[in-house]
Amino acid sequence: DVKVTQSSRYLVKRTGEKVFLECVQDMDHENMFWYRQDPGLGLRLIYFSYDVKMKEKGDIPEGYSVSREKKERFSLILESASTNQTSMYLCASSKTGNTEAFFGQGTRLTVV
Amino acid sequence: AQSVTQPDIHITVSEGASLELRCNYSYGATPYLFWYVQSPGQGLQLLLKYFSGDTLVQGIKGFEAEFKRSQSSFNLRKPSVHWSDAAEYFCAVARGSQGNLIFGKGTKLSVKP
């Protein structure tokens, strides 16, 4: 069974903290994505990666960075968390040439 | 610019009734289209997808969708809704071939007993 695993389901962090959200996939997919989901706004793409050490900005990259040191792992980094980054974060992966994306369970991040 | 519009924010149907969720897209070329479902507190699960060929696509859980190029629509249907179908539904279009998706804002489905 295909699997995208996000390290935390729920996270509470303080304003100004550096926050790491981790995502691992076991499908040997080349492409990985980080989305943010907010009520009434749907899912918006933050960053994505087509290969190890490669990254591309999505639609809302401000305040975020990413790291992809290994093919199976894609990390989202909030350098200095702010309350407006309180949200649900969803990781996804896909195989090149196949647009179907597989999603993790999501991390609900609260910044206080 | 590419975009996806789901006109209905919230729909309530009675159990056993038919369902149609609307989706309109804006895309220059032949679109790759998807419907995903999200149960509360969960990730997204793919219901069905359209890449090419037959414009009526069958998916999991008894869902189907019809691609209509002339109307730029990809509406999701189910003939008889079950209480377990209560969830949020997202329509999406692919940007390129790597799984980079543009999502609509979602339609929340409630099911009355």
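Letters A, B, ... are given to chains in the order of the sequence lines, protein chains preceding strands, and every chain is numbered from 1.
Heavy atoms closer than 4.5 Å to chain B are found nowhere in A:Arg44, neither backbone nor side chain. Interface residue A:Asp59: only side-chain heavy atoms are found under 4.5 Å from chain B. Using a 4.5 Å cut-off between heavy atoms, B:Gln45 does not touch chain A at all. In this structure, the portions of A:Leu43 lying under 4.5 Å from any heavy atom of chain B include both its backbone and its side chain. For A:Glu56, no part sits under 4.5 Å from any heavy atom of chain B, backbone or side chain.
Both B:Leu21 and B:Leu47 are members of a single hydrophobic cluster when ILVMFWY side chains are connected at heavy-atom separations under 4.5 Å. Note on A:Leu76 and A:Val111: same hydrophobic cluster, where clusters join Ile, Leu, Val, Met, Phe, Trp and Tyr whose side-chain heavy atoms are under 4.5 Å apart, directly or indirectly. Under the 4.5 Å side-chain contact rule for hydrophobic residues, A:Trp34 and A:Phe102 do not share a cluster. Using a 4.5 Å cut-off between side-chain heavy atoms of Ile, Leu, Val, Met, Phe, Trp and Tyr, with links allowed through other members, B:Tyr32 and B:Ile102 fall into different hydrophobic clusters. Under the 4.5 Å side-chain contact rule for hydrophobic residues, B:Val57 and B:Trp35 share a cluster.
Residues from residues 60-76 of chain B never place a non-hydrogen atom less than 4.5 Å from a non-hydrogen atom of chain A. Taking 4.5 Å as the heavy-atom cut-off, the residues of residues 81-90 of chain B that approach chain A are B:Glu88, B:Phe90, ordered by number. Within residues 103-113 of chain B, the residues approaching chain A closer than 4.5 Å by heavy atoms are, in numerical order, B:Phe103, B:Gly104, B:Lys105.
For CD1 of A:Ile77, the number of neighbouring non-hydrogen atoms (other residues, nucleotides, ligands) closer than 6.0 Å is greater than 12.
Side-chain contact between A:Tyr35 and B:Leu44 is absent, with no heavy atoms from C-beta onward closer than 4.5 Å. No side-chain heavy atom of A:Glu100 sits under 4.5 Å from any side-chain heavy atom of B:Leu101.
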Check residues 10-21 of chain A and write down every donor-acceptor pair under 3.5 Å in which the side-chain atom is one partner and the other belongs to a residue at least two apart or another chain.
unit_1  : atom_1 : unit_2   : atom_2 : d
A:Thr15 : OG1    : A:Val112 : O      : 2.9
A:Glu17 : OE2    : A:Arg14  : N      : 2.7

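The two residues B:Asn100 and A:Tyr50 make their nearest non-hydrogen contact at ND2-OH, 4.3 Å.
Remark: the backbone N or O of B:Gln42 is not paired with any side-chain donor or acceptor of A:Arg9 at under 3.5 angstrom.
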